[in-house]
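Start at 1 and go down the list; that is how both ligands and their atoms are numbered.
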Amino acid sequence: MPRAVKKLFVKTYGCQMNQYDSDRLFEVMAEIGFESTDEMAKADVVVLNTCHIREKAAEKVYSDLGRIKLIRNKRLQKGEETTIVVAGCVAQAEGREILARAPVVNIVIGPQSFHRLPDYIFSAEQHKQRIVDTDFPTDLKFEHLPGRSIKKLSAFLTVQEGCDKFCTFCVVPYTRGGEYSRPLKEIVREAKELAQQGSKEITLLGQNVNAYHGANKKGQPVSLARLIKKIAKIDGLERIRYTTSHPNDMSTDLIEAHRDIEKLMPYLHLPFQSGSDKILKAMNRDHQIDKYLDILGRVRDVRPDIALSTDIIVGFPGETDQDFEATMQLVRDVKYAQAYSFTYSPRPGTTAASIEDQVEKHVASERLQQLQALLKEQQLEFNRAQIGKKLPVLLEKPGREPGQLVGRSPYLQLVHVIAPDEMRGQIVEVDIVDTTRNSLAGSLKRAQNKELA
Ligand code: 5AD
Ligand code: SF4
């Protein structure tokens with residue numbers, strides 16, 4: 001087994017699943033004596049945990065590698081070696097090509113193999129080998145990972161990985177493989193470990209989390225709603241969230257869970273991608289807008305205050321002004337608490353990349369600006385509606401101002417509060433007094449005084 005008391009720097013790109021993977025990577029490396037550092041120049045091992053979802057994210061890795069090379073050379077002058085690792089989805093998609101394009105890289109490791117990183121680092125350091133591992137054994141990865149040791153008030157927990165849906169724009173089925181659900185027992189154990197480390201909130205992750213169907217003790221599939229119910233019984237754990245969902249897997253028991261399970265937060269991220277049925281068909285989304293709206297209606301029936309979030313792509317091949325207007329109209333009708341929106345980015349290997357009718361870049365950018373202006377307005381409106389209300393806030397970390405703590409409301413809004421540091425980790429009732437688009441300002445005093453009165 002390799003031996004080291006060294007420093008590890010990890011930069012995480014992309015989605016929450018990558019953040020989870022980075023947490024697990026820290027835990028794997030801590031087992032062999034590594035400590036984390038925020039300063040790349042001090043790190044013996046630099047890991048870039050990369051994202052391949054859009055071209056911009058993938059290209060960023062190469063520009064970062066240019067900077068890292070300079071840092072590595074400076075360290076070399078001082079006699080210090082640096083092992084440079086490209087991990088995650090770009091590693092999976094480009095594999096060996098990365099070694100050719102970026103000679104500074106020592107190890108390329110896909111998202112399913114990072115439990116093997118300690119051995120690879122040893123080989124790279126001792127034998128000066130360059131290594132590529134882009135295997136796909138998802139089940140093995142989870143089996144080989146150590147217990148949870150990271151302390152996070154709000155933690156991620158991957159319950160499902162990969163995707164079988166093959167939306168025509170998306171690389172995920174290629175980078176993360178087919179859909180895989182972890183067994184129930186394994187997830188409950190991990191959730192308990194997190195709660196023991198002090199986590200108050202857990203977000204269950206999956207590329208298609210609501211398609212979760214992990215096996216119980218008898219080998220029978222269990223739904224996400226059942227999994228949430230089970231996790232909700234864990235002492236100390238106060239809040240549960242899940243992301244990302246697909247409209248076609250939004251089952252009745254999951255909708256009802258939003259009514260019945262108090263610890264399940266009133267927040268739903270349900271991407272619709274485009275408001276035009278024609279474009280949805282070309283995207284192979286396999287659902288129509290009517291169905292999407294029906295689901296939201298049913299969710300709002302059981303949980304009227306639910307905060308809705310979504311993903312939207314504009315400028316998909318063949319998108320006309322009319323199709324785009326349908327997207328705008330859908331947003332106007334639904335009213336989102338927040339949303340992620342992107343211009344379409346053709347990805348190598350995906351079906352949509354070879355469609356001839358690509359939308360011109362400047363048209364897509366104009367559409368995105370228009371959409372984002374509307375979404376901004378809606379977010380501000382959603383936040384404004386909280387003013388004057390009292391919300392339970394999980395206080396997580398110090399804010400920018402002295403004496404300030406920052407936390408999250410049930411609706412995932414950031415809330416700034418003047419509060420003593422001892423209150424970190426508590427869920428406190430906060431009076432919402434002001435808002436910007438991105439956060440709320442709360443007052444603890446008024447909330448507590450009211451309780452005393
Ligand atoms: N171009 C633009 N956006 C994309 N997404 C996925 N693939 C692409 C692409 N090729 C967006 C989708 C998805 C989110 C994670 O990223 O909206 O839901
Ligand atoms: Fe990016 Fe998708 Fe990979 Fe997450 S799973 S890092 S979003 S490509």
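- Close to ligand 1: T343, with a non-hydrogen atom less than 4.0 angstrom away.
- A cation-pi arrangement, defined by a distance under 6.0 Å to the six-membered ring centre and an angle within 45 degrees of its axis, is present between R101 and Y62.
- Polar contact with ligand 1: present for F169 (N/O pair, distance under 3.5 Å).
- Here the shortest heavy-atom distance to atom 6 (C) of ligand 1, taken over T310, T168, T244, I53, belongs to I53.
- Counting atoms of ligand 1 from 1 in the listed order, those under 4.0 Å from a heavy atom of R347 are 10 (N).
- Between K335 and Q378, the side chains place no donor N or O within less than 3.5 Å of an acceptor N or O (distance only, hydrogens not considered).
- Remark: R24 is not positioned above the aromatic ring of F114, lacking an NZ or CZ atom under 6.0 angstrom from the ring centre and at most 45 degrees off the axis.
- Close contacts of ligand 1 with I313, meaning ligand atoms under 4.0 Å from a residue heavy atom, involve 3 (N), 4 (C), 5 (N), 12 (C), 17 (O).
- A donor-acceptor contact shorter than 3.5 Å is absent between the side chain of T158 and the backbone of Q160.
- Side-chain atoms of K263 do not come within 3.5 Å of backbone N or O of I240 as any donor-acceptor pair.
- Selection from H246, H269, R54 by nearest heavy atom to atom 4 (C) of ligand 1 gives R54.
- Below 4.0 Å from some heavy atom of Q273 lie the following atoms of ligand 1, by number and element: 12 (C), 13 (C), 17 (O), 18 (O).
- Aromatic pair Y411/H269: centroids not less than 6.0 angstrom apart.
- Selection from A364, S345, A352, A353 by nearest heavy atom to atom 9 (C) of ligand 1 gives S345.
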